Amino acid sequence: MTGPSTLITNIGELATVDPARGTEGVLRDAAVVMEGERISWLGPAAGAPDADARFDAEGRAVLPGWVDSHTHLVFAGDRTAEFEARMAGQDYAAGGIAVTVAATRGASDYDLTRLLLGRAAEAVAGGTTYLETKTGYGLSIEQEARSARIASTVADQVTYLGAHLVPAGMDADEYTDLVCGGMLAAVRPYVQWADVFCERGAFTEAQSRRVLAACRDAGLGLRVHGNQLGEGPGVRLAVEFGAASVDHVNYLNDDDVDALAGTWSGWDTRGGTGQRGTVATCLPACDLSTRQPLAPGRRLLDAGVEVALASNCNPGTSYTSSMNYCVATAVLQMGLSVQEAVRAATYGGALALGRHVGPDEDGLRAVGSIAVGHRADLHLLNAPSATHLAYRPGMPMTAAVWRAGERAV
Ligand SMILES: N=CN[C@@H](CCC(=O)O)C(=O)O
Ligand SMILES: [Zn+2]
């Protein structure tokens, strides 16, 4: 599909995050042409072709739109009281999820959709152009199917997280049967991925294994919430099942890091080719809000693991979809360079969602990097370089956003 073309010129720093351009991938004094939903040209501004419309970036930086590969946006209510108690010293516990389940079950389809649309709009306003979201606040066949259906009308990709918490009054193994049986069948038309919260207070290793096997057999891609509140089997299970990502990863021992690194042994990080492994998705906004140690992103990168950064926007542990904030935190507190953090929040998220490459055909274009044929998802900063995301944290850095070639902000 073609369409009207737009030339964005006078770009001071164009962070392509394209592995084909080597680890740097940064062009100076650059321009990009979008044609319909796709990128049709990029290169030096001086050599840019004509286009139907022209936008002057005035020397500012352009990045790929953020790819937020981990959110929980289908919910009603909030958990301010729980947050206040946590800031007063109480530990986070999985049980708080039940408060959101009650509020979500009580909301109408109309309200749940309206709330989700508002949150997705907030994410786009912050530079996010590709969004995953999950079920997990329904926890019955009807409610999980409703959440999945509503999510699929708004998010780019949807993950089934029936295995988020065992609902009050239910036996854990009987609930796991439901997650692997009738509930899975009911959500299946709406979701691409399945996830399990493998943690104390949520699902045990044996229960998690059953969920992952059933969902894999149903043809879903897999991800795992693991090692968030302490060391545990989450990472090992993710590796064993060939999951696309394991998310949180706060408490890792050497074996966990080695196991994750092993999944990337056939991968060429510089070129972005080869056999892909399990992405470690770090969620720094969640770590700060729950006062957990920040995930060891530096250690994972040094070991050769591909890392993603995501917001984990949800009412319990991370009530923000600001990827700018996640990137700033990764640089200021996790030891990532600006380039590594930007890559993790764009290309890394795309890797975790299987969209780092695409056939680059309609509806299946690659996201998370700027290259010809990829989806035209661009983020113009109010700054001359991406460094300003960390150098000026908390400042309004998002100047304009194009999503699939359309101006969204
Ligand atoms: N860790 C599990 N699930 C969410 C939190 C859910 C909640 O507390 O409502 C998370 O990713 O942090
Ligand atoms: Zn989560």
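Counting convention: from 1, in listed order, for ligands and their atoms alike. Computed from a prediction, not measured in an experiment: that's the story for all the values here.
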Need the ligand 1 atom indices (1-based, order shown) with element for anything under 4.0 Å from a heavy-atom of [X].
X: Q228; answer: 1 (N), 2 (C), 12 (O)
X: H225; answer: 1 (N), 2 (C), 3 (N), 11 (O)
X: Y92; answer: 5 (C), 6 (C), 7 (C), 8 (O)
X: F197; answer: 1 (N), 2 (C)
X: T317; answer: 5 (C), 8 (O), 10 (C), 12 (O)
X: H164; answer: 2 (C), 3 (N), 4 (C), 6 (C)
X: R79; answer: 7 (C), 8 (O), 9 (O)
X: H70; answer: 11 (O)

Exercise for the section: Examine all N, O or S atoms of H72, backbone included, and report whether one is under 2.8 Å from the Zn ion (ligand 2). Expected result: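 Of the N, O and S atoms in H72, at least one lies under 2.8 Å from the Zn ion (ligand 2), which means yes.
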
Does the distance from a Lys or Arg side-chain N to an Asp or Glu carboxylate O, for [X] and [Y], drop under 4.0 Å?
X: R276; Y: E306; result: no
X: E13; Y: R60; result: no
X: E37; Y: R375; result: no
X: R299; Y: D302; result: no
X: E240; Y: R236; result: no
X: D377; Y: R38; result: no

Completion exercise
min-distance protein heavy atom vs atom 11 (O) of ligand 1 -> H248 NE2, 2.9 Å

Practice task
If you have a sec, work out which protein heavy atom is nearest atom 10 (C) of ligand 1 and how many Å separate them, to one decimal?
Solution key: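 So the nearest neighbour among protein heavy atoms is N312 ND2, 3.3 Å.
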
Handout entry: Which segment of E199 sits under 4.0 Å of ligand 1 when only heavy atoms are counted
Key =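 Neither part.
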
Handout entry: Short N or O distance, Y137 and ligand 1, threshold 3.5 Å exclusive
Key = yes

Handout entry: Near-ring test Y92/F83, centroid separation under 6.0 angstrom
Key = no

Exercise for the section: Would you please indicate if the ring centroids of H356 and H374 are separated by under 6.0 Å? Expected result: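 Aromatic pair excluded; centres sit 6.0 Å or further apart.
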
Practice task
Run the contact test for I97 against ligand 1 with a 4.0 Å cut-off on heavy atoms, strictly below, and give the result.
Solution key: yes

Handout entry: Side chain proximity check, Y137 to P315, heavy atoms < 4.5 angstrom
Key =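 The answer is yes, as the side chains (C-beta and beyond) meet within the 4.5 Å cut-off.
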
Handout entry: Three-point angle H225:NE2, the Zn ion (ligand 2), H70:NE2, rounded to the nearest 10°
Key =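 If I round to 10°, I get 100°.
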
Exercise for the section: Would you please name every residue forming a side chain to side chain contact (heavy atoms under 4.5 Å, CB included) with D109, sequence neighbours left out? Expected result: R146, R149, I150

